Structure formats: structure tokens, C-alpha cells
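Quantities reported herein were computed from a predicted structural model and do not represent experimental measurements. Every chain is numbered from 1, with letters handed out A, B, ... down the list of sequences. Only heavy atoms go into these numbers, but all of them, side chains included; no hydrogens, no water, no symmetry mates.
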Number of protein chains: 4
Amino acid sequence: SQPRPLHLTTRHSIKRKRRSFDTHKGQAGRVGIWAGSEGMLGAASLCAEAAIRSGAGLVTLFTPPTLYAALASITPREIIITPSINPQDLLKSRFDALVIGPGLGSPVASLAEKLFAVIQETELPCVLDADMLNLIAREKRLDLFRKNTILTPHPGEMARIYPASEHFSRVPTADNFTSEYSSTLLYKGARTLVAWEASPIYHNSTGTPAMATAGQGDVLSGLIGGLCAQGYPNLEAARLAAWLCGEACQLALRESHITEETLTASDTIAHLAQAFDALT
Amino acid sequence: SQPRPLHLTTRHSIKRKRRSFDTHKGQAGRVGIWAGSEGMLGAASLCAEAAIRSGAGLVTLFTPPTLYAALASITPREIIITPSINPQDLLKSRFDALVIGPGLGSPVASLAEKLFAVIQETELPCVLDADMLNLIAREKRLDLFRKNTILTPHPGEMARIYPASEHFSRVPTADNFTSEYSSTLLYKGARTLVAWEASPIYHNSTGTPAMATAGQGDVLSGLIGGLCAQGYPNLEAARLAAWLCGEACQLALRESHITEETLTASDTIAHLAQAFDALT
Amino acid sequence: SQPRPLHLTTRHSIKRKRRSFDTHKGQAGRVGIWAGSEGMLGAASLCAEAAIRSGAGLVTLFTPPTLYAALASITPREIIITPSINPQDLLKSRFDALVIGPGLGSPVASLAEKLFAVIQETELPCVLDADMLNLIAREKRLDLFRKNTILTPHPGEMARIYPASEHFSRVPTADNFTSEYSSTLLYKGARTLVAWEASPIYHNSTGTPAMATAGQGDVLSGLIGGLCAQGYPNLEAARLAAWLCGEACQLALRESHITEETLTASDTIAHLAQAFDALT
Amino acid sequence: SQPRPLHLTTRHSIKRKRRSFDTHKGQAGRVGIWAGSEGMLGAASLCAEAAIRSGAGLVTLFTPPTLYAALASITPREIIITPSINPQDLLKSRFDALVIGPGLGSPVASLAEKLFAVIQETELPCVLDADMLNLIAREKRLDLFRKNTILTPHPGEMARIYPASEHFSRVPTADNFTSEYSSTLLYKGARTLVAWEASPIYHNSTGTPAMATAGQGDVLSGLIGGLCAQGYPNLEAARLAAWLCGEACQLALRESHITEETLTASDTIAHLAQAFDALT
């Protein structure tokens, strides 16, 4: 078959949505997030903050009751934090998009089953990231890579969910994977690729090696979820989020108090506004 | 009857109070707040911070003892946080204004009864917001909408406390409601309305769709409470608070690190000072 | 007898200590603080932060073990927080100055006794503030107002420890009080007075009614303790601390993000550096 | 024998590593930290933040399970915090460098034994700081000063691990110590010395007496660990970290909101970026 076209995502390629004058917070999008575990609450908090800073109007973060106080202490006050032991609570509230995975760790089997059930049931845009991808790989539940899901593997995670990736370079991997699975794919790397089914394969044009630091992936997945909740189609949300994170970091490095060494994922969040404003 | 006049609240309409040289913190106003519940502590904290930043000298936030540590971890150190299971503690300290409701969730019946009793007893300016309005609607306790209360419903909450609102546009709704109830009404929307009994109906002139994000209502109710505690009459406090929040957000959007997407309720608080200074 | 002279504390009146090149943190001064109680941990944290920002090298804050986690969550990481139920631990470590009282609440009798014992035993400069003054008044332990203590009452607290103050204006009150007791007195007010035994009575020349807000007293007492620990004599430490707090607030008000209404005690701390630099 | 040469560490002496375009977070270096105890969690948090801001890609901080929530509340969200009672967990994950000691307090004997065992087993660059040095001195385990370790004593700690230091001035002490032990030595003081075996003895050229304040040592040890994890040789990591901390503080003092009195260890961290950028 003919190879798919390669496109570049630039500041000109995605139209920024603007709110109408009478938008209220419900209309601005509701995101539900299942993330975090003991030791990795920061990932959950970064993801939720990115979602609220993406423009979503309401973000709810679910957490085991025993971790509630610790998670609340590090999470922006605008986030609702719902203690829960059952991921199916994600299906009981009204959300416009879901994010599952950042800082999830290695859930016990019963929790894993419930997470699988949620992914299977939901028709919402649903970002699957990090440990959720590892869990799916381990339990061989690749049937969950449905059309409404958005997957954000880095190369290590890609090797687990799609071992064939080790035999191909990045573009054919993205091509083959999205031919085989109906998910939207955001394949992290020095030049992140985004693709979906028969879409072109999009290279991201932003980014810096300063992003090789903990938490950047958590910010990215929260941002995708937030953009989906606002009505960006999954493919555009993934492309835009990758572009925004890379642009935010490039802009951050222009500041005197940030260098390649010191940049953290929180700095990325702090520069999302400038990145949004750099969109034409 | 003749329709009530419509006025606009602008930077020229409300006189900013200035402190005399020898003001002490007790004279600057004392606010008591009952707010927050598991999962929604951020609402309580935002409300309390807005109250202290409104110029009130002392702000006390009441919280169930089990949530004390988590709430303390996210609340400015200048706020006193009193663990309590009984809202009637609001009546035992010396306050100049009360705020009840942000992040309250769905209180159990016994707590609801005590909250009703406090609202019934107090003669202080008393802001009723969010879940407190929902609770009053559910329990059909509209008798609590007394002269000293200030109600801050958004359209969804308005529909619950005043189902007739669904048949009218916003101005007649505000007109009818304040003819029927003696509360001061702040009716949220793209142009917030403020009215009281036979007063004109005031349109707010500030605001932006960037405010369609979680927590803005909590900031607003804390601000009203803080202004009442400083001696602004209820109607003026409500008008001024709505104006300040809208103006703060408009000013925030001029900064390079804030956009329509990224603006949060904490950003509103951070720009209250500039909004106060914009008053003539 | 002849009235004592009245002097003004200005930026020219107190010589700022500068560190020699090889100062180490032990030489920069060690402060021990007993402060805080459930509901008022913020006072303890503000006091400790002011002490470390005064230039003291090491600050240790003692807290009941049950409050440790909550206090740690709001206190700068440079502060050591020692869980303790016994104030006599203040005497077991090596400190150069003590501060007792901010946010203390109403200690039970056994704790009160131990606090009295510490004040009685220590020869260190010892700031007694807020609830510690109320406790001393209530238990009629004015014998504790020894030469090494520094008292920082506002008018309400003054009336409790020295009821005669209600019959005199501020200067004669300060005069009489320091004739009767050998403590250094910092008598808060729109123009704070500082005096000691036969010293002149010093009027502070800085300050603003924006300081009529919670927590300013906690900052002041921490600052006095920190300055004493660095070797400023008690009278000079009290004069300088009052001057610095007032100057810091005046400078803070020049910033666009701070007004009379929004200024908090944390803003005072954030402007101490500019106040130090304003000393000639 | 002939005395070792004395060199100066300046902005020209150490080549800053730059990342290649396709660096990922694993390649940027992984640091494992055992630090903190009740009352001294701030030290652990400062150390971990310095490590992540040094450019390390992943930083894991181990903490007793009972302190997890309090530590999480004060630590940047990008840090992984692993509850553990067994230091040997440091050997089970993949790290590129270890830091042991900041805020450790006085561990019980069983914990001390496990810490000794880790230091004995690891071949990774391993920074031993503060209370870990005191513990080694107390238990006479100087056999642990192996070639891969980096020791960061201040003069008081030096006197404990090497009593002979009290009879010599600083340079001969560094000379003798590193002739006797194969560790890299960073000997703190107004001019910090760094040496290793037969290397020259390096004087640091940066620093200010404003650094005589709590927590600076914790920042330094985290920074060394982070630099080692990125592939800087131990001697260079120690020299560079000392230079960066001193430079950061000098730069911080140029800001209007920081003076000799108010500078804290967090201010040092906040100025590391400017210090990195000052390297030629």
C-alpha cells in the first residue's frame, strides 16, 4: 500500500477555539482523571493541573481515600478530588473526557479489572497513559485500544504494547500501529508523532531535550484530556497538546531563571499560556 | 407595576472605603465561613483567601476535625481554621459577616438542620452560596431567604431555588425574585445581575468568558463576605464583589502568563489588588 | 519625676549588623519557638519564617506531635520542626533566643505550668507574645516579666496584663509599665512604642493601616527573636523589628499586586529584604 | 612529600554538559536519595529538589511510610517519593547516583546497619552528608569512605570523622584526609575545598556569608548527586556543585527581594539556573 503522508504540526496548523461571551464552566468541558498511587501522587496532580490550565472548566481527580489528604496538599484548589476505590465512578459523573494512567503504579488485579471495564464501556475521548499502557500490555488487553482512546506511549511503553516497534523506525511504527488499532496514537520522542487510522502522520515541530525530565508526560496527558473535553477532536487534541508542551518548554528556556538543567514539568505548565498565545 | 430601573455597576459607581490611620485588625472586619467537605476543600480555601484579601482583618474557616490537616495544608496561614462539627459555633464567636456554602457537598440531615438554624438566627450579613442554596431548595426552606442574606446563584442553582426562573429571561427573574424574597440577590451569568427589594437592578460591567472555570464562585462569595464585614451594605458589597472579580480577570488576561484557557480562580485572587486600584 | 525623653526610630537610628566573611550558620543565631495550636498553626509558621528571614541561621519550631504533619505542610523547609509535648525542650537545645506565644490558644494547666517554668529559668532573650501574654495575665504570673523578656502586647493584651493602661494614654502607659517591670516593651498601635526601664520611649516611624490584618503580630515576634539571636540587644531588636515590619508594608503597598485591602502578613515577610536594604 | 598544587574553581574550569537532541529522561540520570526524619523533612525535600534542578531526569526520595504524607506535601511534584523502611531498596531500583544523609537525625541501630550495608555494596557515586557522616563517625565505620563516595563535611562534622583536623589548618586537613581515604572530599567553609586522592586541592571561588543559613548543605548534596547521575566525574561534580551554590547565592543577592539576612536555601535553588548560565 502507498505510504501515508507526513505532515508537520506548526503554530499555523491548528485553529485555537475561542469561547463565546456567555460560556459557563460546564460548557468549558469536564474532565475525569484516574491517576496516582502512593509515591506517585505528583503525577496525578501535574496531570490535573494541566487539564484545568488547558481551558477545561471542571476537573475531577479520583484517588484512593487513604491518599486524599496528601494529594489535596499538592493539588491546585480548583481541582475537585474525589476519594474512590472504584474506577467505575468515572462513569457515574458527567464528564466530557477521561484520562487514565499517570502515576498509577501497579494496580492489584481487582482494580485492574475495573479499569479495563471502564475503558471498555466509555464512549468518551479517553487518554491512556504511562502505567495504564503497561498494565494493558501485561494483561494482553489490546482489545481496549478502541476508536475513542488516545494512547501516549514513549518508546519503552511502545515496545511493551507493540513489540513489533523494535523492528521498525518510528514512522513505520506509527503507521503500522494505527493501521492495526483504531486508537489515536501520540508516540513520544525527540520528534513526537501523532497519527490515527488513515490520517497523515504528524511530526511535532516543537520541543527541546530539556523535556527529558520527570512529569512531562503527565502534563501532556492532562492537556490532551482537557482539550478533548473542550471539543477538539482526538487527533487535533493530541497534536495541539504535543505542540503546546514543546512550545511552552522552548519559551520557558528563554527566561533567566530556567535552563536545560533546571526546567521541570511545573515550568511547562507555567508557560502554557504563552504557548497558547503563540498559536496564530 | 412599573418595571424597576436598570443600572450599570462601573468603576465609578461604588465608593471604595479607606482605612483611618489607627484601624486595628478587629475593626477591619471579622468573617466566619462554613464551607468545604471531603473532595471540595479547595472551594473553602479559595473562599477564605478571597475574604482575607478583600480587606477583612480576621477570617475564621470552620471545618470538620477530620479534614483539618488537609485544609490547613492548602490555606493561607493568615486564616484561622477552627475544627468543628457544629455550625452553631458560627454564632458563638464575634463575627461581622458570615459565608455559608462553598464546597459544602450534600450534608447529612442533622448537619443540614443546624445550618438552617444558624441562618435563621443570625442577624449578620450572611452569604448563601452554591451547595447551601441547593440544600435550601431541596429541603424547601426558602423561608430562610431573609433580609440579611445574600444569595449568589448561577442559573442552575436559580432554577432549583426559584423554578419560575425557567420561564423568564434574566432581568424579570431578578425582578420577580427580589420582589418575592427580601434577600439581596447576585444572579450569576455573562452579565451578572444584582438586586434587592425595590432597588434598581444592577448589571455588572466587567467579566470575561475566561471566568467559566471552577472556583470563581467561591472567590466571589468570600469577597462579598469580606466586604460586608468591613461595613459595605449588602447590596453594595455584592455589586462591588462582582465588579472586582470581573475586573481582576480582565486585568489578569493582559499578563503574558495567563490566557482564556489557563486562567484559574487563584489568578482572580492574585489580581484583586489591581482591581481595587482601578476603582476611582 | 521627670518624664522620659521620646525618640523616633528611623532608618538612621539603628546600625545594621553585617556578617563577617567566614560566618557559619551556628554563628548566625539559633532561635527556638514554642507556638501554634490546632486552628492556629499559621501563626506559628509565620513566626518561624520571619525568624529565618531575619537572618537567624537556624530556627526550630516546637509543636505537639499530633500537629506535626499539618504544620510541616505550611512551613518553609528550612525550619526544623520538633514534635514535643514539653516546653522544657526549649532549654535542652542550644538557642540564642526564644519566642513563645503566637497561636498558642488556651493551653491546659499542665502545659501552662511548664511554659511558666521555661520563662522563669531561661536567661536568653525571650519574646512573649499574644496568647502567652493572655495566659500570664489570667494566671497572674507577672513575676515572669523579667529583664531578658520582650513583651509585644497590642492594646487589648496590654489591658489584660496591665489594667492600669486603660486609664492612661499610650506614652504614660509605656512609661509606667517599664518603670514597674524590667521587660523590654513593644506596645503595638498605629504608632508602636518601644521602651525599657530607663531608656527613652521610642516611637516607630513606619507603618500603615493596611497592617490591620491577621498574622502581622506573629511576623513581628519572629523577627524580634531572630534579631536577638544575632546579637542585637533586646531594645534594639524590638525597635528594629517594628521599623522593618512597618517599612516592609509601606514598600509592599507600592507594588501593583498589593493594596491596603489585599496585603497579608506573608506580604510583609516577602518585603523584609527591601526594608533591610532601606536601612542606612 | 611535595605539597599538592592548589587550584581555583572558576566559571572557566568546568565544562558544562549539554544534552543531545534526543535525550530521554532515563538518560538524563536517575538519583536515589535516603534522607529526612521526623522534624527534618525539609532537608530531604530541599535535597531532592536540588537534584531534579541539577538536570537529573528522575529523582526518587525514600522515606519512612509514616512520614510519606508530610513529605509529599512539601516536595515538588516531579519527585517520586517511595515509602520504605529498608535502605536496601536503594540497591533494587536502577539509579545512577545515590545521596544519603540530609536530615537523617539519629537512626536506630538496625537502620544504621542497613545504611552501612548499602554504602558498602554500592558501586555508584554516593554522596554522604550531614547526619550520615556523624553516624559513621560515631560507629567508627570509616572503612566506608570508599572511592565512589563523596563526603561533604562542614568543620564540625570533619572534626568528628577526622579528629586530626583540629590540629591542622584547612588545606593540610584536606590534603591529609584525601591521602588517607579514597573518597572525594568537599570540605565546607568560607572557601570550600574539594580534593580527591592525588588531585590538586581546589578552592571554590564563589560564595557569600549569606549562605550561613539552614538547608544550604542539603541543596549542595542533592546537586552533587544530580550532577554525578548525569555523568560528571565525582571530583568535577563536587567542584561544580560548590561553585553553582555559591554563584547562585551571589546572584540572588542582586535581587531586590533578597538580602544577606533573608536569603534561604530555597532562594539558592531558585537561582541555580542563572548560575548554570554563568558557566562559560
Practice problem: Select one option (side chain, backbone, both, neither) describing which atoms of C/Ala69 are under 4.5 Å from chain B's heavy atoms. | Solution: neither
Self-check item: Interchain contact, B/Ser20 with chain C, by part (heavy-atom threshold 4.5 Å)
Solution: backbone
Quiz item: Picking from C/Pro155, C/Ser73, C/Gly217, C/Gly103, which has the most non-hydrogen pairs under 4.5 angstrom with chain B?
Solution: C/Ser73
Quiz item: Does a side-chain N-to-carboxylate-O contact under 4.0 Å join C/Glu261 and B/Lys17?
Solution: no
Quiz item: If you tally heavy-atom pairs under 4.5 Å against chain B, which of C/Ala212, C/Ala43, C/Gly42 wins?
Solution: C/Ala212
Quiz item: Using non-hydrogen atoms only, which part of B/His271 is less than 4.5 Å away from chain C: side chain, backbone, both, or neither?
Solution: neither
Quiz item: Can a donor-acceptor pair be found between the side chains of C/Thr213 and B/Glu78 at a distance below 3.5 Å?
Solution: no
Exercise. Could you list which of residues 186-194 of chain C have a heavy atom closer than 4.5 Å to any heavy atom of chain B, in residue-number order?
Key: C/Ala190, C/Arg191
Quiz item: Going through the distances and angles, do C/Leu67 and B/Tyr68 end up as a side-chain contact (heavy atoms from CB on, under 4.5 Å)?
Solution: CA-CA 10 Å; C/Leu67 298 175; B/Tyr68 172 68; 4.3 Å; yes
Quiz item: What is the minimum heavy-atom distance between C/Ile74 and B/Ala72, and which atoms define it?
Solution: CG2-O, 3.2 Å
Self-check item: Side chain / backbone / both / neither for C/Ser37 at chain B, heavy atoms under 4.5 Å
Solution: backbone
Quiz item: Which atom pair, heavy atoms only, marks the closest approach of B/Arg19 to C/Glu260?
Solution: N-OE2, 2.9 Å
Exercise. Give, as side chain, backbone, both or neither, the part of B/Ser54 having an atom under 4.5 angstrom from any heavy atom of chain C.
Key: backbone
Quiz item: Where does B/Arg18 contact chain C at under 4.5 Å (heavy atoms): side chain, backbone, both or neither?
Solution: both
Quiz item: How would you list, in number order, the residues of residues 244-256 of chain C that have a heavy atom less than 4.5 Å from chain B?
Solution: C/Ser256
Exercise. Under 4.5 Å, counting heavy-atom pairs only, tell me which of B/Ala28, B/Ala70, B/Pro83, B/Gly226 racks up the most with chain C.
Key: B/Pro83
